[in-house]
Structure formats: C-alpha cells, structure tokens
Amino acid sequence: MRRSAEFADAIRAGARSGSRRVVVHYHHSGSTRDEPARVGFVVSKAVGGAVQRNLVKRRMRAALRAEVHHLPRGSAVVVRALPAANGSSFAELRDDVVHCLGRARRSEEGRR
RNA sequence: UGAGUCGGCCAGGCGGCCGCGUCGCGGAGCGAUCCGCGCCGAGGAACGUCCGGGCUCCAUAGGGCGGGGUGGUGGGUAACGCCCACCCGGGGUGACCCGCGGGAAAGUGCCACAGAAAACAGACCGCCGCACCGGUUCGCAGGUGAGGUAAGGGUGAAACGGUGGUGUAAGAGACCACCAGCACACCGGGUGACCGGUGUGGCUAGGCAAACCCCACCCGGAGCAAGGCCAGACAGGAAGCGCUCGAGGGCUGCCCGCCCGAGCUUCCGGGUAGGCCGCUGGAGGCGUGCGGCAACGUACGUCGUAGAUGGAUGGCCGCCACCGAGGCGCUCGCGCCCCGGGACAGAACCCGGCGUAUCGGCCGACUCAUCCG
C-alpha cells in the first residue's frame with residue numbers, strides 16, 4: 001500500500017487484533033476487484049528513532065513475506081507497531097504478526 | 001616502566017539460503033508491468049539544523065531609516081560566527097590548555113547579601129585634641145557633647161595604589177624617595193595586534209557593554225514542498241475596494257525611487273493533492289613535486305558509479321578474529337572448554353564548517369618522573 005486512503009480503508013473497515021507489540025488490521029474489499037493482496041506498515045515515532053523504526057519495519061516485512069502468498073486476492077493488511085515492538089527479536093515479532101493476522105482474518109470472515 | 005599532552009585513522013571480516021531499490025542488457029506483453037542476468041547501493045557523525053555558500057524564483061536587487069550579526073592582529077577561503085599563525089591575559093613543573101579578547105578618563109543605567117559606607121565615597125568600633133560632668137592615691141581613668149581622622153579592626157567578589165620616611169593633636173599623596181599602574185611625547189623593533197627603552201605629567205582612574213549605547217566591518221527576501229512541464233477535476237454565489245485621479249503586487253517593518261498592473265480581499269459552497277524534470281561530477285578524493293612556519297595554494301598523474309518518495313540498502317544462520325567473566329590442565333604464561341558482549345546512529349538538492357552522541361581498537365609526535373647503560 002502506498003496511499004493514505006488505502007490505509008484508512010483497511011483500518012476503518014477491517015477487523016482488528018492486537019498484542020503487546022503489534023496491531024493487525026485485516027480487510028477484504030469483497031469479490032468485486034481481482035487484485036493481489038496488499039500490505040502496509042505503520043511505525044510511528046512512539047516506537048523509537050529512525051534506526052529502530054526501520055529495523056522494526058524490516059522485520060515485520062520479512063515476517064509477513066512468508067504469509068502474503070496465503071492471503072486471498074483483494075485483501076488488505078495493515079500492521080501497526082506499538083512502542084513495545086522496539087527491542088523485540090525477529091522471532092517475537094513474527095509470532096505476534098502471524099498470530100494476530102490469523103485472528104483478525106477469522107474475525108472478519110465470521111462477520112460476513 | 002609509570003603518569004600525561006596533542007594529532008590522525010578504523011567503525012569487525014568471510015560465506016550460505018531467502019529478499020529490496022536505481023541503472024544497463026536480453027526476453028514477454030497493445031500497455032501498466034513482469035521475468036532472467038549483471039553493476040552499484042548509508043555515516044563519521046548520514047544526527048542537531050547553529051552559521052556560511054552554490055543553485056532556483058522574486059523586474060535589474062537601488063537609496064535612507066530601522067533591524068540583525070560579527071568583534072585582539074595578520075593570513076587562508078567561494079564564504080563564514082570556520083581554520084592557521086602570532087599578540088595579550090589566565091592556568092600547568094612541563095608537553096600544552098583555556099579566554100562571549102573593541103570602547104567603561106562620550107553619555108545614561110545597575111552593583112544582590114553582608115557591611116558604617118558600593119561610587120562627585122563613607123565615621124560602626126577604634127584613634128586624636130577641645131569643652132562640660134562628677135571621681136581622684138593629683139599620674140590619670142570613665143561618661144556626655146560638638147568636631148577632626150581612612151593609619152588600625154570588622155563586612156564583602158570588590159573599600160579609592162604598596163613600602164619606608166617627613167609631617168601632625170591624631171592623621172591623610174598633604175609632601176618626598178623607590179616600586180606598581182595610567183596618560184602623553186619621543187626613540188628603536190615588527191605588515192600589524194603589540195613589545196622594549198627614555199622623558200614628562202598628575203598622584204590613582206572599581207566592576208558590568210550577554211544593560212542601553214558608541215565605534216569598525218558584514219547582511220535584499222524566500223527556499224528543492226525552490227522552480228518548471230504534463231495530465232486531470234469542479235460550480236458557482238454574496239459583500240467591499242478599484243480600472244490611468246489606479247486597487248493590489250514585487251514575502252520582516254517604515255519612507256523615497258523604480259517596475260508590473262486589472263483585478264484584489266473576506267465569507268459561504270465545491271473540486272484536486274497523480275506523473276516527469278530539477279537529481280546528483282562536486283569549491284571532489286588520493287599520490288607526488290613545488291611555494292608557504294601553517295591553514296592552504298598550485299602543476300601533473302590517478303580514482304570516479306546511493307538517488308528512495310508509505311521512502312530501497314534487509315531477514316535468518318554458520319565460521320574466524322576482538323573484548324570480558326567462569327572452569328580445567330600444566331612445562332606458570334600459554335593451551336582447551338563454555339557463557340556473554342560489540343556503541344552512537346539511517347541519505348532525501350548539494351557542498352564548507354561548528355556543536356552534540358559513541359562499545360572499543362590502532363598509529364605517530366611530544367612532556368614529566370624513575371631506573372639501567
């Protein structure tokens with residue numbers, strides 16, 4: 001995702017699941033458009049300095065890379081990092097992201 | 001060997017698997033784009049955004065006032081509030097370090113607390129003679145009053161030169177000698193800040209200019225969201241001012257001058273925030289020679305490769321070095337095993353500086369102390 005409108009849609013319309021380190025928003029826009037799954041990251045200054053934020057973002061991106069192929073087409077995922085993400089290991093971040101993604105996805109699919 | 005001073009440099013290395021961005025080549029597709037291969041891909045501070053430039057736009061960047069900045073001297077530089085050398089003051093045995101270092105004898109203002117008094121000085125104690133009071137062992141001691149006095153005490157960051165003498169009731173640059181310091185003149189040295197010497201003067205002149213101020217020099221404004229091109233969207237309405245007797249604009253304020261000039265301002269309502277250029281080769285790094293004490297300049301040779309835009313340069317693992325605890329072995333300073341650690345920090349138009357952060361390590365020059373020859 002590259003546009004703020006996409007982020008806003010995914011966060012507002014989608015289902016949410018959080019942990020101590022991250023919050024995952026999942027949204028499926030419906031079967032109208034046949035486009036690949038989209039992923040976005042939000043890492044605010046509350047997490048830390050530029051170096052820490054970059055590292056968190058890169059680890060989350062690496063963690064989600066393995067999952068993105070299992071996502072249905074037309075879905076949108078936004079991962080927000082919380083301040084506790086700063087200093088976490090890759091394994092901790094990956095487990096949180098995967099776990100929360102699963103819960104959010106089940107929640108949204110149950111709603112429909 | 002031990003303490004220390006100054007300067008420079010590095011910012012772990014190698015490999016495997018899976019990935020990212022620009023560019024080039026090849027291929028697929030009408031195209032958006034995708035696939036394969038290859039090159040390159042964060043820092044010494046990329047940071048803070050505190051100065052100085054380049055670049056872009058504002059007509060060409062004009063004059064005055066105001067405002068801001070700098071502040072020993074000479075040089076370096078595109079420029080600087082930076083750097084180098086020197087001067088002066090202060091600190092250190094020394095290498096060396098520190099200084100917001102123009103003017104307080106142009107003016108105005110301020111100087112807390114303490115202290116009697118804090119700036120044309122000032123009598124709290126003390127000292128001194130005089131007058132008066134009562135006392136008296138007739139030497140004087142005490143008290144009161146109007147005075148004299150800055151030599152002594154005490155306060156303070158700072159008390160209006162220091163030492164010795166003359167002088168006096170006691171004292172005082174009141175006067176004298178020497179010393180310190182100041183101003184002026186002359187001589188000598190230095191490009192200069194300034195230094196050295198001689199003479200004269202008056203005896204003395206406190207601090208703060210990061211208080212106002214004065215002096216010298218410098219400064220037009222805004223910034224790559226500069227600026228330009230392309231594509232695309234919508235819907236206008238009301239009020240005020242103005243159309244050569246001119247609104248408004250030319251981006252800190254005011255005045256003048258100059259230029260542009262037919263629209264501008266406010267309110268309500270509506271729409272868009274996509275792509276490309278700018279965009280990385282520049283006062284560039286390194287080496288050698290020459291000039292210079294140095295900063296730096298110059299000639300020649302050589303090396304050149306980040307360019308993202310929800311913002312790439314990564315994720316995981318192994319091995320080897322480095323540092324620090326612990327254990328074992330012995331030939332006592334090495335070997336083996338195991339655990340832990342590796343900082344500060346992420347380009348966004350580009351340079352020159354400054355400031356700040358930083359686990360550690362390496363190199364060079366110099367100083368002091370001690371020992372040996």
Side-chain angles (χ1 to χ4, degrees):
Chain A
M1 288 184 202
R2 297 198 155 176
R3 305 185 53 170
S4 54
E6 296 179 287
F7 279 80
D9 285 349
I11 289 170
R12 233 177 294 125
R16 189 183 63 191
S17 172
S19 73
R20 203 167 65 80
R21 284 177 270 271
V22 297
V23 176
V24 174
H25 301 265
Y26 177 88
H27 179 60
H28 195 281
S29 54
S31 55
T32 51
R33 277 178 294 176
D34 185 36
E35 55 184 14
R38 290 162 303 142
V39 174
F41 300 93
V42 177
V43 183
S44 79
K45 281 190 178 174
V47 173
V51 175
Q52 285 74 33
R53 279 180 294 156
N54 268 337
L55 184 60
V56 166
K57 197 189 297 175
R58 284 163 180 161
R59 282 178 168 164
M60 293 195 306
R61 193 178 289 146
L64 213 54
R65 178 163 290 123
E67 307 297 318
V68 74
H69 302 294
H70 304 126
L71 291 171
R73 298 183 70 78
S75 60
V77 176
V78 170
V79 181
R80 278 194 297 133
L82 299 176
N86 185 16
S88 309
S89 69
F90 173 73
E92 292 171 325
L93 273 176
R94 183 193 55 206
D95 293 349
D96 278 20
V97 167
V98 171
H99 182 68
C100 292
L101 175 62
R103 282 200 308 183
R105 194 175 160 186
R106 283 194 299 276
S107 166
E108 154 135 332
E109 281 163 1
R111 242 196 290 174
R112 280 194 282 120

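The sequence lines fix the lettering, A, B, ..., with proteins before strands; numbering per chain opens at 1. On a predicted model such as this, the values are computed, not experimentally measured, just so you know. Heavy-atom basis, side chains included; hydrogens, waters and symmetry copies ignored.
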In residues 13-24 of chain A, which residues come under 4.0 Å of RNA chain B by heavy atom? none
Under 4.0 Å, heavy atom to any atom of RNA chain B: which of residues 92-100 of chain A qualify? none
Which residues pass the side chain to side chain donor-acceptor pair (under 3.5 Å) test with A:R21, not counting sequence neighbours?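 Expected list: A:D96.
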For nucleotides 340-349 of chain B, list the nitrogen or oxygen atoms of the protein found under 3.5 Å from its nitrogen or oxygen atoms, one pair per line.
from: B:G346; atom 1: N7; to: A:N54; atom 2: ND2; distance (Å): 3.2
from: B:G346; atom 1: O6; to: A:R58; atom 2: NH1; distance (Å): 3.1

Complementary nucleotide of [N], counting Watson-Crick and G-U pairs under 3.5 Å:
N      : value
B:C82  : B:G76
B:G360 : B:C10
B:G333 : B:C330
B:C186 : B:G197
B:C25  : B:G36
B:U280 : none
B:U265 : B:A239
B:C368 : B:G2

What integer number of Å spans the [atom1] atoms of [N] and [M]?
N      : M      : atom1 : value
B:C277 : B:G307 : P     : 13 Å
B:C215 : B:A365 : C1'   : 45 Å
B:A347 : B:U313 : P     : 14 Å
B:G147 : B:A170 : C1'   : 13 Å
B:U298 : B:G2   : C1'   : 48 Å
B:A306 : B:G352 : P     : 15 Å
B:G71  : B:C82  : P     : 7 Å
B:C368 : B:C290 : P     : 34 Å

Measure the distance from [atom1] on [X] to [atom2] on [N] and round it to the nearest whole Å.
X     : N      : atom1 : atom2 : answer
A:R53 : B:G314 : CZ    : C1'   : 17 Å
A:R61 : B:A308 : CZ    : C1'   : 12 Å
A:F7  : B:G311 : CZ    : P     : 7 Å
A:F41 : B:C20  : CZ    : P     : 13 Å
A:R65 : B:G19  : CZ    : C1'   : 5 Å

Less than 3.5 Å apart, which donor and acceptor atoms pair up between the side chains of residues 44-52 of chain A and the rest of the protein, not counting sequence neighbours?
from: A:S44; atom 1: OG; to: A:A46; atom 2: N; distance (Å): 3.2
from: A:Q52; atom 1: OE1; to: A:G49; atom 2: N; distance (Å): 3.3

Indicate yes or no for a side-chain donor-acceptor contact from [X] to the backbone of [Y] under 3.5 Å, with no hydrogens or angles considered.
X      : Y     : value
A:R103 : A:G18 : yes
A:R59  : A:S88 : yes
A:E108 : A:H28 : yes

Hey, quick one: are A:L55 and A:L93 part of the same hydrophobic cluster, counting side-chain heavy atoms closer than 4.5 Å, chains of contacts allowed?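 No: no chain of side-chain contacts under 4.5 Å links A:L55 to A:L93.
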Please name all residues satisfying side chain to side chain contact (heavy atoms under 4.5 Å, CB included) with A:L82, sequence neighbours left out, ordered by chain then number.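 Scan of A:L82 (side chain to side chain contact (heavy atoms under 4.5 Å, CB included), adjacent residues dropped) gives A:V23.
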Kindly indicate, with the supporting measurements, whether the criterion side-chain contact (heavy atoms from CB on, under 4.5 Å) is fulfilled by A:V97 and A:E67. CA-CA 10 Å; A:V97 167; A:E67 307 297 318; over 6 Å; no
Distance check, rounded to the nearest 0.5 Å: A:R58 atom CZ versus A:M60 atom CE?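 Rounded to the nearest 0.5 Å, the CZ-CE separation comes out at 12.0 Å.
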Out of curiosity, A:H27 NE2 to A:I11 CD1, how far, rounded to the nearest 0.5 Å?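 Output value for this atom pair is 12.0 Å.
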Identify the heavy atoms of A:F90 and A:A63 that sit nearest to each other, and give their distance. CE1-N, 3.9 Å
Return the minimal non-hydrogen interatomic distance between A:R105 and A:P72, and the atom names on each side. NH2-CD, 3.4 Å
Report the glycosidic orientation of [N]: syn if within 90° of 0, anti in every other case.
N      : result
B:G44  : syn
B:G173 : syn
B:U305 : anti
B:G21  : anti
B:A42  : syn

Could you check A:R59 against A:V42 and say which one's nearest nucleotide on RNA chain B is further toward the 5' end? A:V42
Select from A:A62 and A:V43 the residue whose nearest nucleotide in RNA chain B is closer to the 5' end of that strand.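 Result of the comparison: A:V43.
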Could you tell me if the side chain of A:R106 sits less than 4.5 Å from the side chain of A:S17, heavy atoms only? no
Just do the side-chain contact (heavy atoms from CB on, under 4.5 Å) check on A:L71 and A:Y26 with the steps written out, would you? CA-CA 10 Å; A:L71 291 171; A:Y26 177 88; 4.0 Å; yes
